[in-house]
Structures are given as structure tokens and as C-alpha cells.
A.B. asks: 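Please see the structure below; I have some questions.
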Amino acid sequence: MNHHDINLTAAQVDKLGKAYDPLDHDVKQDPYPYYAKLRRDEPVKWIEGLQAFAVSRYDDVDIVLKDASIFSSAQFWPALLGEFDPVPEVPPMISMDPPNHMQLRKLVNRAFLPTQVNALQQRSADIANQLIDDLVAKYGAEGKCDWVWDFTSLYPVTVISEVLGVPSERRAEFKVWVDDVLGAANRAAYGPERLAEIRKSSDAVRAFFEELYDQRSANPGSDMISTLIQAEVDGTRLTRIEVIQMAILLLIGGVETTTNLLGSALVEFSRRPEVYARVRNDPALIPAFIEELLRFNPTVQMIFRHTTRDTELSGVHMPKGSAVMVLLASANRDETRFDDSESFDLDRKPSAPLMSFGQGPHFCLGKYLSLMETRSALETAFKRFETLASVSEEVEWIDSYFARGPHKLPVHYKVR
Ligand code: HEM
């Protein structure tokens with residue numbers, strides 16, 4: 001018997017009144033039963049709304065991510081951002097295939113290794129403490145705030161700005177630019193006003209890094225932009241435009257993802273008081289909690305590839321040039337790979353590598369950084385807050401089919 005016949009959410013799945021449509025509001029609020037249905041009934045399914053094949057089973061996702069010769073990343077950025085790519089002249093490495101991709105990746109890899117990242121730990125904790133001080137100054141030692149607005153949306157952008165060497169007075173604008181540029185992914189649904197804002201942010205982020213490049217090439221420092229300007233691979237240096245594209249990729253990659261993860265952390269805590277109590281009482285459990293959170297509700301739900309030739313997956317023919325939606329979040333719940341896959345289990349020892357950070361050549365560069373940041377923020381929050389609890393179990397998730405995190409999260413807090 002095929003494992004996909006035994007589905008823990010069979011009853012839930014059979015009750016679904018409609019087919020998986022990533023653009024549908026209900027699906028965006030809770031995509032998981034739809035993923036379960038896809039895995040069971042249509043593991044490779046053509047999705048009209050996004051004009052792409054959705055791939056939902058773990059083994060198929062693994063094949064797609066590891067075979068760049070058939071499943072290319074070259075169209076990833078153009079498909080995601082369209083005419084709103086701030087640097088359309090050169091692709092960012094996330095949208096390059098081997099071997100050129102590897103050259104570029106080598107240049108930045110070193111800065112993101114665990115040893116480099118650990119050196120940022122104290123600074124991350126300081127930033128978290130500062131944000132909590134600001135929040136207390138604003139609302140008092142006990143009260144209500146929005147965990148997303150007042151904390152999670154400010155914290156990763158501040159850490160990554162520090163890595164890039166961005167002057168602190170400019171950081172407030174950053175979050176808006178990143179949100180707007182990533183918002184271009186939903187451009188089909190927007191009217192002229194929203195599109196004009198996105199255009200403005202796309203131009204602004206580019207202008208900002210052009211200026212920073214010129215300053216740093218005249219006066220190099222120890223920041224990452226200076227390092228990128230000076231770095232050499234096989235005797236060649238990055239051009240000005242390549243450095244700017246890389247800086248923008250690091251900013252875009254490093255901000256919304258970690259913001260959403262920290263938001264989702266509090267959502268899970270509020271839904272699972274017993275888990276919350278255990279983790280609070282024993283902060284050594286924070287990494288296990290983050291790992292299970294990343295499996296259970298990953299902040300990047302899917303990524304995209306395009307076929308370089310006719311191919312077949314789970315018996316479905318995909319013509320050359322097809323867009324492929326790789327459902328990472330579905331793979332993480334594949335019942336053939338994870339026991340009791342639809343349950344959140346703090347004691348789980350993952351039986352297969354998670355897909356949350358991708359797999360293969362483009363495996364997330366910022367994995368250690370985001371894990372360190374998230375751990376540091378939760379540790380700091382546990383130290384500072386006697387109470388930190390979501391006010392309601394109901395969550396409004398951000399209106400996106402590929403990014404997942406709470407749009408806002410009212411919390412009640414009390415500092416020690
Ligand atoms: C919870 C946090 C994060 C998640 C879930 C996440 C997820 C991912 C995923 C799924 C990919 C693979 C994309 C693909 O295969 O096409 C990726 C790539 C990437 N991520 Fe992350 N990411 C996170 C945090 C970060 C941070 C903090 C940075 C920091 C700078 C970062 C930078 C990048 C970059 C540069 C790539 C492209 C790597 C390449 O093309 O070789 N990410 N990330």
C-alpha cells in the first residue's frame with residue numbers, strides 16, 4: 001500500500017470544499033490541509049492561478065532542488081519581482097545556475113559560517129534588549145503592544161544592517177523597501193497606487209546602495225560591503241552593479257524571513273501553552289523548538305524553478321520552460337518522511353532533513369545567522385519579560401502565498 005493512502009488528516013482533507021489555489025484567502029490562512037490533499041491525490045498539479053506546476057511530496061521536492069540542470073533558478077528573480085527588480089542588469093546569485101552561481105556564493109560564504117555568525121551573538125542580544133527598552137519607554141512596564149510592529153519587524157533588519165555596515169539612522173526606511181520590493185511578487189493583484197510605491201522603494205534601495213558603494217570604495221571599512229568590493233574569485237572582482245545586487249539580496253533574504261519566524265514562534269507558544277511552559281523553564285530547548293517550528297510552519301512556503309527541458313515527475317509530464325512551485329512547507333509535512341507529520345512535537349528528532357531552508361546548491365546562506373538571531377531574541381525576551389503572551393489565538397497571517405508569518409500579533413507583556 002502506498003504510504004500516501006494513510007493520511008492523518010484524511011477526514012479534514014475530504015471535507016475541503018475547494019481545490020488548492022495559492023491565491024485564495026482561506027488557503028493562505030491555512031494551506032496545510034490543501035498540501036495534504038495535494039500529496040495524497042495530485043502530487044504534481046498544474047495551478048492555473050500561478051501558471052505553474054505545484055510539487056508537494058518530499059521526494060519530488062528533493063529531486064527538483066538538487067537537479068539544477070533540469071530545474072533552473074534563472075527565472076526565479078524575474079518571475080518573483082518582474083520589472084520591480086532593483087538591479088535588472090545582473091541576476092542575484094539566488095537566480096543563477098551552477099557553475100556561475102558557485103563562484104559568487106564562494107565570495108560571501110565565509111561571512112556566514114557559524115564562527116563568523118557566533119561573533120555577532122552579543123550584538124544581536126544587545127539589539128533585542130534595546131528594542132525591549134524602546135517598547136517599555138513607549139508603553140510602560142506592563143501593557144499591550146504589537147509583537148510584530150514593535151519587535152520582530154525591527155530586529156532582523158537591524159542585525160543585517162549591522163552586518164552590511166549601514167548607518168543606523170537609515171535603517172527605518174529599510175524595512176519598508178524590503179516589504180515593498182518583495183510585495184512585487186503579488187503585483188498582479190495590485191492597482192496603480194501600490195505599484196507606484198513599489199517602484200519608488202525599488203529605486204530607493206538601489207540608489208541607497210549605489211551611494212554606499214561609492215563611499216565604501218573610497219573609504220573601505222570592516223563591513224560586508226567593503227569586503228565584497230575587495231573580494232576576488234579566480235583573480236576577478238565583482239563589478240559595482242554585482243556588489244549592489246548582492247547587498248540587496250542579503251537584505252531581502254535576511255529580513256522578512258527571520259521577522260516572520262519570530263512572529264510564528266509566539267503564535268505557536270500561544271497555541272501550545274505546555275510547549276511554551278517547557279521552553280521558558282528550560283531555554284536549552286529553544287533550538288529544538290525553532291527546528292520544529294521551521295518544520296511545522298516554515299516562513300518560506302515555496303520557491304520557484306523552471307524546467308530546462310521536457311521532463312516528468314510522479315508520472316506528470318512537464319514541458320520545457322514550465323514554472324515549478326516547490327512546496328517546501330508541504331514536503332516538511334510529508335507523512336512518508338515524518339511520523340505524525342501534522343503534529344507539533346517539541347521532542348521530535350527530525351527523521352529527514354527539513355526543506356525550510358531549501359536543499360542543494362542554493363541552500364540558504366543565512367541559516368546559521370537566522371537561527372542565532374531567533375535564539376538570541378527568544379532568550380532575551382524570556383529574560384526580560386515575566387509575561388509575554390498573545391492576546392488571542394486567532395491570527396491574521398500576512399497576505400502572501402510564499403511568505404508565512406503573522407501580519408500583526410497583539411501581545412500582553414510585563415517586564416521583570
Ligand atoms: C527563517 C529564516 C530564513 C529562511 C526560512 C530562509 C529560507 C531560504 C530558502 C528556502 C532559500 C533557498 C532558495 C532557493 O533554493 O531558491 C534561501 C536562500 C538564501 N537565503 Fe535564506 N532564509 C532565511 C534567512 C536568511 C537570512 C538571515 C539571510 C541573510 C542574509 C538569508 C540569505 C539567503 C540567500 C543569500 C540565499 C540564496 C543562496 C544561494 O542562492 O546560494 N536567508 N533562504
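In listed order, ligands and their atoms are each counted from 1.
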A.B. asks: Can you list everything that forms a side-chain contact (heavy atoms from CB on, under 4.5 Å) with R278? Sequence neighbours excluded, please.
C.D. replies: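 Counting only residues at least two positions away or on another chain, R278 forms a side-chain contact (heavy atoms from CB on, under 4.5 Å) with L285, L346, D347.
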
A.B. asks: Should you measure from each heavy atom of L328, which atoms of ligand 1 turn up under 4.0 Å away?
C.D. replies: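 Taking each heavy atom of L328 in turn, ligand 1 has 10 (C) under 4.0 Å.
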
A.B. asks: Which of parallel (below 30°), tilted (30 to 60°) and perpendicular (above 60°) describes Y35 and Y32?
C.D. replies: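 The arrangement is perpendicular - the two ring planes meet at more than 60°.
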
A.B. asks: I'd like to know whether the aromatic ring centres of F402 and F304 sit less than 6.0 Å apart in this structure.
C.D. replies: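 So the answer is no for these two rings.
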
A.B. asks: Would you call the rings of F344 and F289 parallel, tilted or perpendicular, taking 30° and 60° as the class edges?
C.D. replies: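 The arrangement is tilted - the two ring planes meet at 30° to 60°.
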
A.B. asks: Just jot down the ligand 1 atoms closer than 4.0 angstrom to any heavy atom of H101, in number order.
C.D. replies: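 In order of numbering, the contacting atoms are 39 (C), 40 (O), 41 (O).
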
A.B. asks: Hey, does R105 come in under 3.5 Å of ligand 1, counting only N/O atoms on both sides?
C.D. replies: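 Right, the criterion is met.
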
A.B. asks: Find all atoms of ligand 1 within a distance of less than 4.0 Å from any non-hydrogen atom belonging to L261, and give their numbers and elements.
C.D. replies: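 That gives atoms 1 (C) of ligand 1.
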
A.B. asks: Within the structure, is a non-hydrogen atom of Q359 found at a distance of less than 4.0 Å from ligand 1?
C.D. replies: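 Flag not set, Q359 not near ligand 1.
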
A.B. asks: Cation-pi check, R295 to F338: give yes when NZ or CZ is under 6.0 Å from the six-membered ring centre and within 45° of the ring axis, no otherwise.
C.D. replies: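 Yes, a cation-pi geometry.
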
A.B. asks: Centre of F296's six-membered ring, under 6.0 Å away, within 45 degrees of the axis: is that where NZ or CZ of R333 sits?
C.D. replies: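 Yes, cation above the ring, under 6.0 Å and within 45°.
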
A.B. asks: Would S73 count as a contact residue for ligand 1, given that I'm defining contact as a non-hydrogen atom of the residue lying under 4.0 Å from a ligand atom?
C.D. replies: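 S73 does not count as a contact of ligand 1 under the 4.0 Å cut-off.
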
A.B. asks: Would you mind listing which atoms of ligand 1 come within a distance below 4.0 Å of any non-hydrogen atom of T258?
C.D. replies: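 Per the distance check, 2 (C), 27 (C).
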
A.B. asks: Taking the inter-plane angle between the rings of W46 and F53 on a 0 to 90° scale, is it parallel (under 30°), tilted (30 to 60°) or perpendicular (over 60°)?
C.D. replies: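 Ring orientation, 0 to 90° scale: perpendicular.
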
A.B. asks: Measure up the H101 and H362 rings against each other and bin them: parallel (under 30°), tilted (30 to 60°), perpendicular (over 60°).
C.D. replies: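 Correct class here is tilted.
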
A.B. asks: Are F112 and Y368 side-chain neighbours, meaning at least one heavy-atom pair lies under 4.5 Å?
C.D. replies: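 No; the side chains remain at least 4.5 Å from each other.
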
A.B. asks: Which of the numbered atoms in ligand 1 are under 4.0 angstrom from any heavy atom belonging to L249?
C.D. replies: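 Contacts of ligand 1 toward L249, numbered from 1: 35 (C).
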
A.B. asks: Suppose I only count heavy atoms of F76 and a 4.0 Å limit; which atoms of ligand 1 are within that range?
C.D. replies: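 Under 4.0 Å from F76, ligand 1 has these atoms: 16 (O).
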
A.B. asks: Knowing that exactly one of D97, D67, I70, V64 qualifies, which makes a side chain to side chain contact (heavy atoms under 4.5 Å, CB included) with R305?
C.D. replies: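 Answer after filtering D97, D67, I70, V64: V64.
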
A.B. asks: Any chance the rings of Y155 and F151 have centres within less than 6.0 Å?
C.D. replies: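 Ring centres of F151 and Y155 closer than 6.0 Å.
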
A.B. asks: So for ligand 1, is R305 a polar contact partner (N or O within less than 3.5 Å, distance only)?
C.D. replies: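 There is such a contact, yes.
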
A.B. asks: Considering heavy atoms of the protein only, find what lies nearest to atom 40 (O) of ligand 1 and give residue, atom and distance to 0.1 Å.
C.D. replies: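 Sorting protein heavy atoms by distance from atom 40 (O) of ligand 1 puts H362 ND1, 2.7 Å first.
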
A.B. asks: Decide whether the shortest distance between a heavy atom of F304 and an atom of ligand 1 is less than 4.0 Å.
C.D. replies: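 Under 4.0 Å: no for F304.
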
A.B. asks: I'd like to know if P361 contacts ligand 1, where contact means a heavy-atom distance under 4.0 Å to any ligand atom.
C.D. replies: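 True for this residue.
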
A.B. asks: Identify the closest protein heavy atom to atom 5 (C) of ligand 1: which residue and atom is it, and at what distance?
C.D. replies: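 For atom 5 (C) of ligand 1, the nearest protein heavy atom comes out as T299 OG1, 3.3 Å.
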
A.B. asks: Measure across A54 and I47 and return the closest heavy-atom pair with its distance rounded to 0.1 Å.
C.D. replies: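 Looks like CB-CG1, 3.7 Å.
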
A.B. asks: Quick one: which ligand 1 atoms are inside 4.0 Å of a heavy atom on I160?
C.D. replies: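 Those of ligand 1 that fall under 4.0 Å from I160 are 30 (C).
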
A.B. asks: Would R309 pass as a cation-pi partner of F71, given that its NZ or CZ must be under 6.0 Å from the six-membered ring centre and within 45 degrees of the axis?
C.D. replies: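 No.
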
A.B. asks: Which word best sums up how the rings of F269 and F382 line up, parallel for under 30°, tilted for 30 to 60°, or perpendicular for over 60°?
C.D. replies: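 F269 and F382: tilted rings.
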
A.B. asks: Quick one: name the protein N/O/S atoms under 2.8 Å from atom 21 (Fe) of ligand 1, chain by chain.
C.D. replies: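 Counting only protein N, O or S atoms under 2.8 Å from atom 21 (Fe) of ligand 1, the list reads C364 SG.
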
A.B. asks: At less than 4.0 angstrom from any non-hydrogen atom of S356, what atoms of ligand 1 do you find?
C.D. replies: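 Selected atoms, number and element: 5 (C), 7 (C), 10 (C).
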
